[in-house]
Amino acid sequence: MQKEETDAINLTLRFGEGKYYWINTFGCQMNEHDSEVMAALIESLGFQPASTLEEANLVIINTCAVRKKPEDKVASMLGKLDALKKEKDELIIAVGGCMTQQEDLAVYIKKRFNQVDLVFGTHALPRLPELLDRARRQKEIILDIKEDYCEREGLPVNRATSYHAWLPIIYGCNNYCAYCVVPFVRGRERSREYDAIVVEASALVHQGYREITLLGQNVNSYGQDLPEKPGFASLLGKLDQIDGLSRIRFMTSHPKDLSLELIQTVARGEKICEHFHLPAQSGSNRILEKMNRRYSREQYLELVQAIKENIPEVSITSDIIVGFPGEREDDFAATLDLVKQARFDSAFAFIYSPRRGTKAEKLPDYTTYEEKEKRLQALNKIQQQISLEENEKLVNKTLEVLVEGTSKSNPELQTGRLRNNKLVHFAGSDRLTGKLIGVRITEARTWNLFGASEGEPY
Ligand code: 5AD
Ligand code: SF4
């Protein structure tokens, strides 16, 4: 019998029947969505979700490589699993995601964590069932980190909620920002077919989903690699016409590709939420150039102004890197100044983390880590004050909230999301989950808001 035939037979046996799986996800929304696909693929083999890690017969770690911190967390998780496997011999441990797409790291995992059964890169996702089938029968570790862009259309998805869906529209990234590992681990830009996205969005609405978030490392370059080059603004406009859909979100936007047409589409759109995640990374032209971001601080600030002028209720969030190699005091001061002028609703700030194979890895860096930490704290302090002030502007307004369920920090409260992506906590029943309601904002804090439910007018 041919090997393929035995594989097919084993897959139809549903070897996961009566067994449990656990997925641990690190990193961004694209990884969260990939984990939803992994879950569906595994369930097609008969596995069911485990309620604890210890109960699992199959553990998958979906890794992130964007900074060192998430990589360290993965290493510590793998150490813990090594111990677990010593007690439970039949446990299958699989490691996937961005870390594994780097050959040296995949080989390191293979050598250092000898209890791992399977290492599969981001491109191998559709092959997960066959790989697991081989892993359970083969004693030696399996490594599949080929860069062969396996077709992802039509894969099943096991979504985390029944009201919100992640919808990838473009995979990979072509920008090669000097600090970033993403183009190396996710490959070149590949846009999904326009019609496939529209059909999937309509099907989701049919199934009862009210909010869709379009995902891509840079959604603004959507369609540029397709024959008819449909733009992102055109796609958004088309999705806005789907009856029954309440909210459309998108992330992330690269400032160099954000057009006035897109801003106007968001302004006009009935369902398109008034939120831009627009990473600035730095406010210094000298550093932006070294980062290969291809915009200036002036252009960035003009964009922010254009967004705010066209969309009065908008919120803008950002990412900032502190301590990029060669960042001087005056460069950092320029970043602080940009943050003050842009008045972000919130911003994630990160200390620069050297990444293998990137251009910045080779740049000389004279600033100490302590100095970088000080800069991070100074930046966070200013941003937190601005976040609070921006949140205070919403007090006493009644706003549309999509309820996400009981609050993680207080079981007496429900948590929901405003169109501008801010979280609101309010007293109410958990039967409201997935519903659109009106909430009057009563209190503003730095990270979130508190309010009082005004029923279900939406
Ligand atoms: N070091 C620190 N931060 C980084 N980011 C990406 N690469 C690095 C790095 N090497 C940040 C950027 C990006 C966000 C997702 O992570 O700010 O927008
Ligand atoms: Fe990385 Fe730049 Fe691509 Fe974003 S746009 S994923 S920062 S290379």
Side-chain angles (χ1 to χ4, degrees), residues 25-34 62-74 97-99 101-102 105 122 166 168 170-186 213 215-221 250-258 275-284 287-288 290-295 297 300 303-304 316-327 331-332 335 338-339 342 344-365 367 369 371-373 375-377 379-380 383 421:
T25 309
F26 295 88
C28 66
Q29 289 80 8
M30 195 60 100
N31 254 22
E32 274 181 43
H33 178 68
D34 281 355
N62 192 3
T63 63
C64 167
V66 86
R67 286 175 295 277
K68 185 161 184 298
K69 235 189 211 159
E71 279 188 357
D72 290 346
K73 284 192 196 156
V74 167
C98 293
M99 268 172 84
Q101 197 62 58
Q102 303 171 95
L105 265 193
T122 55
W166 304 116
I170 176 166
Y171 301 107
C173 181
N174 286 356
N175 289 309
Y176 288 97
C177 299
Y179 49 81
C180 190
V181 78
V182 168
F184 302 96
V185 296
R186 289 272 176 185
T213 304
L215 290 180
Q217 305 303 335
N218 176 13
V219 287
N220 298 330
S221 54
F250 56 90
M251 68 192 316
T252 292
S253 293
H254 194 307
K256 81 173 164 59
D257 300 317
L258 203 156
H275 171 227
F276 285 82
H277 184 60
L278 193 66
Q281 311 298 6
S282 171
S284 152
I287 296 297
L288 285 170
K290 285 192 186 197
M291 286 178 162
N292 190 29
R293 290 291 288 175
R294 285 173 280 172
Y295 53 83
R297 65 174 275 129
Y300 184 90
L303 255 186
V304 167
I316 303 180
T317 56
S318 198
D319 293 339
I320 310 272
I321 297 178
V322 170
F324 184 81
E327 182 189 79
D331 296 311
F332 178 62
T335 297
L338 178 128
V339 164
F344 298 123
D345 290 83
S346 66
F348 301 101
F350 309 100
I351 292 182
Y352 167 74
S353 171
R355 301 286 76 199
R356 272 170 299 275
T358 60
K359 220 169 141 199
E361 192 196 11
K362 315 254 167 5
L363 295 177
D365 190 1
T367 314
Y369 196 77
E371 176 55 31
K372 292 184 182 187
E373 276 181 324
R375 289 182 191 174
L376 181 74
Q377 277 166 18
L379 174 68
N380 280 339
Q383 178 55 50
N421 210 35

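For ligands, and for the atoms within them, numbers begin at 1 and follow the listed sequence. Note that this is a predicted model, so its numbers are computed, not measured.
- Remark: Glu71 engages Arg355, Arg356 in a side-chain hydrogen bond (donor to acceptor under 3.5 Å, both in side chains) (not counting sequence neighbours).
- Relative to atom 18 (O) of ligand 1, the option among Asp319, Thr358, Ile321, Leu278 with the closest non-hydrogen atom is Asp319.
- By the criterion of a heavy-atom distance under 4.0 Å, both the backbone and the side chain of Val66 are placed next to ligand 1.
- Considering backbone and side-chain atoms alike, Tyr352 places every N or O at 3.5 Å or more from each N or O of ligand 1.
- Taking distance alone, with nitrogen or oxygen atoms compared against 3.5 Å, Arg355 stays at or beyond that limit from ligand 1.
- Counting the atoms of ligand 1 from 1 in the order shown, those under 4.0 Å from a heavy atom of Gln281 are 12 (C), 13 (C), 17 (O), 18 (O).
- Between the Asn220 side chain and the Ser253 main chain, no donor and acceptor come within less than 3.5 Å of each other.
- Only the backbone of Ile351 comes within 4.0 Å of ligand 1, judged by heavy-atom distances.
- Contacts of Phe350 with ligand 1, taken as heavy-atom pairs under 4.0 Å, involve the side chain alone.
- Partners of Lys372 under the side-chain contact (heavy atoms from CB on, under 4.5 Å) rule, at least two apart in sequence or in another chain, are Ile351, Tyr352, Asp365, Thr367.
- We find the CG-CD1 distance between Leu215 and Ile170 to be 12.0 Å, quoted to the nearest 0.5 Å.
- Ile287 CD1 to Asp331 CG: the interatomic distance, rounded to the nearest 0.5 Å, is 4.0 Å.
- Side chain of Gln383 to main chain of Phe344: a donor-acceptor pair is present (N/O by atom type, distance under 3.5 Å, no hydrogens or angles).
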